[in-house]
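Remarks on the structure that follows.
This chain uses plain numbering: 1 for the first residue, then up along the sequence. Below, all heavy atoms of this structure are taken into account, side chains as well, without hydrogens, waters or symmetry copies.
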Amino acid sequence: MNFLSNLPKNMFSGFVVSLIALPLGLGLALASGAPPISGIIAAIVGGIVVAIFGGSHVTIAGPGNGLVVVLLGAISTLASGDLYQGYLFTLAAIICSGALMLLIGFLRLGILSDFFPSSAIQGMLAAIGISILAKQLHVMFANTDAQGDTIELLLTFPSVVVGLFSQATASTIAAASIGLISLLIMRFHGAIRNPYLKLIPAPMWIVVLVIGYSYYYEFFSSETYPIATALLVQLPDSVLSGFPTPDFSLLFTPQFIGVVLAITLISSIESLLSIKAIDQLDPERRRSNVNRDLKALGLASIVSGLLGGLNVVTVIARSSVNVNNGGSNRSANFFHAFFLILFVLLFQDQLRRIPLTALAAILVYTGYKLASPSTLKSIAKIGNEQVFIFFVTIIATITTNLITGIFIGILSTLIIHIILNKSVLLFLSNAIRPNVLMFKEQAQGNYFVSVKNFSSFMNYYKLKNNLDAIPINGDVIVDFSLCEFVDFTVQEHLLGYQEIFTRNGGSFDINGLDIHGTSSTHPLAVRRLLSFSNAKKTKTNLTKRQKDLQNVAHDFEWSYNPVKLYEVNPLYSFVFFKLKKINFIHNQLIDEHTNFNVFDTEYTEGEFISQKQLRATFLSIKLKKTIPNFTLHKEDLLNFLYRFSGFKDIDIKDHPDFSKRFFLMAENKAEIEAFFTDALVLFFESNPYYHIESNGNALLVMKTERLASVKEVKALLDFGIRLHKIVSKLKYEPNLLKTL
């Protein structure tokens, strides 16, 4: 029923997406060196096949930006310069790549996308953008004969601009002018405030205007249309006949196999990254079945290649437009293909009126977005080592090929990680062994995930597998207290999980990064656990958890202090710390009267028990009167240890349920019986379990022996404030008891 009721808005969204897909399909095909119709074929086949067999919900399939460089290189070189024969060889490579993607999906290898470091992927995408820019800038200025690699095209571009003003024909100037105007439309369309004008995407505005320009000369001007036929889109006389036949004669040659692997690699990466990004935009918060989607994309690429089309990938820009226009299920993908069929069948003559320079302008803007300076700026904020990985990947990709480029990016990331950790052994010993422990805390209902030793893009899949098993409306705590190294890629992925869980009514907290040293002040900077001596000298930037704690303090009108403090002698007066060694406390939330203090602490179990570092969150409450020393916690928790500290389990008269549920220990039974009034007992019985201690002048409260999430800190504060009110009202006179 929901499918039928949502059909009208999915049809509308599909129509809007088709307005973008039409010019982009033509442009991407031309940029790849293929016939323009091949891009439309890929969009149509992708829309239909993936809508039927796909595993995602609101994504759009079609030709992608990332494959332009690979396809152009294949078409240009597989037949030694014979572009049409190279196109036929490339169709065969697309079909083989589709079969390989189909196999990847059946083998459930979508997880492989998690083995690529983020900065290397950004470098690869930027290299693709630069390559698109290098070629399409020439075409935008009506120079369709430019040849050479990316560097050569960039170096010769200034001479093309000079030639445009010195020796260009009227046709060339007119076509180049359309290219420049189209680029301005792409750049400033977002600034339009009129909702009706914004309804038509910038690429479609360009198509409508340039077609209208040609009709002006046909019906209203006595002059001849100034743009030469060679600078217009070329379509076959009948798009429903004369499909090319893929040529498999190079099937087992190294060059052909390299093209297949490159197409498969880039298609998989581009699709999986797009699927992940769009899942976060899905208004219904659904998760895509990425392996099923890979199978659908592989099948679509096979069909597209057989019909003369480009390979099919999931495209993020068109998918975002789909979500923004109300697309809610796969029917929007189908309708986008349906409207493309109508455009091609009904408006072939109009499509032939589109100048190549206008399509090139769309691609120039697309390339610029991929290689935008803002990308470098954002990466530079994360750390200098990420800039190094980014540039190494760009240079390697431009000077060699995409596969070599991405693997050099991966290798450079590994080298950087080894240098930062100053240990090859740490990396090698943790790259393959399990380092993630997950369990559900029965008392709180939280999913607690502890990550140990080393967390990077190489072993991130272990963490991901655990997180994917948790319901997206659950409460998750990921703890890195025992992790010596956490890279940027892992933290970036976890931000995506935070957004998904938060949108679905759950919570996702990342703890334990506060004590790590960082490579920059960016929240996602690489983090390395410092030695205790170095930790005293090093300041780290605030993590997201610390910023959230700062906001909590602001809401309570309290102060927040993230700095590590090493003078902790008052804590040793509590039984909990008597046999422990406290390294420091930090992340303090303190009220203006200093009665309440929430803090994280790092400690060990003591010299003779264990040297393992432990971390937990506590609340201390100063009292204005003296109360008995006692320890209270849930029955069977740490009972053995406290009995050796000289305490006895005390039952409260007339409260059998309390005595059964709680373990109450103190040295003076008479004082405890006088202090634990009906009101105090009822308070403990009606609230969640906490570990509570009194040293006579203050209370120490802890939920569990680990760092608390921000949500748990708020609950701890609420519990502590209410407990303080109850204790303050108790009519307890210790001096009177001493005389009895």
Check: K9 main-chain N/O paired with S13 side-chain donor or acceptor under 3.5 Å: no

What are the two closest non-hydrogen atoms of T397 and M124, and how far apart are they? OG1-CA, 4.5 Å

Parallel, tilted or perpendicular, judged at 30° and 60°: which one describes the rings of F334 and F338? parallel

Looking only at side-chain N and O atoms, does T59 offer a donor or acceptor that is under 3.5 Å from a partner on S319? no

Identify the heavy atoms of A42 and L310 that sit nearest to each other, and give their distance. CB-O, 3.4 Å

Is the F15 ring parallel, tilted or perpendicular to the F343 ring (thresholds 30°, 60°)? tilted

Please confirm whether the backbone N or O of N401 pairs with a side-chain atom of T404, one donor and one acceptor, at under 3.5 Å? no

Is it the case that the side chain of S76 and the backbone of G73 share a donor-acceptor pair, with hydrogens and angles ignored and the cut-off at 3.5 Å? no

Does a sphere of radius 6.0 Å around OH in Y215 hold more than 12 heavy atoms from other residues, nucleotides or ligands, not counting ones at 6.0 Å or beyond? yes

Ignoring hydrogens, what is the shortest heavy-atom contact between I130 and A371? Give both atom names and the distance. CG1-CB, 3.8 Å

If you draw a 6.0 Å radius around CZ in F407, do more than 12 non-hydrogen atoms from other residues or ligands fall strictly inside? no

N/O donor-acceptor pair under 3.5 Å between S171 side chain and P226 backbone: yes

Among side-chain atoms of T366 and N65, is any donor-acceptor pair under 3.5 angstrom? no

Do T172 and T169 have side-chain atoms, one donor and one acceptor, less than 3.5 Å apart? yes

Atom OH of Y365 with >12 non-hydrogen neighbours under 6.0 angstrom: yes

What are the two closest heavy atoms between I48 and I341, and how far apart are they? CD1-CD1, 4.3 Å

Please check: side-chain N/O of T314 versus main-chain N/O of I275, any donor-acceptor pairing under 3.5 Å? no

So, taking the atom named NE2 in H189 and the one named CD1 in I192, what distance separates them when rounded to the nearest 0.5 Å? 4.5 Å

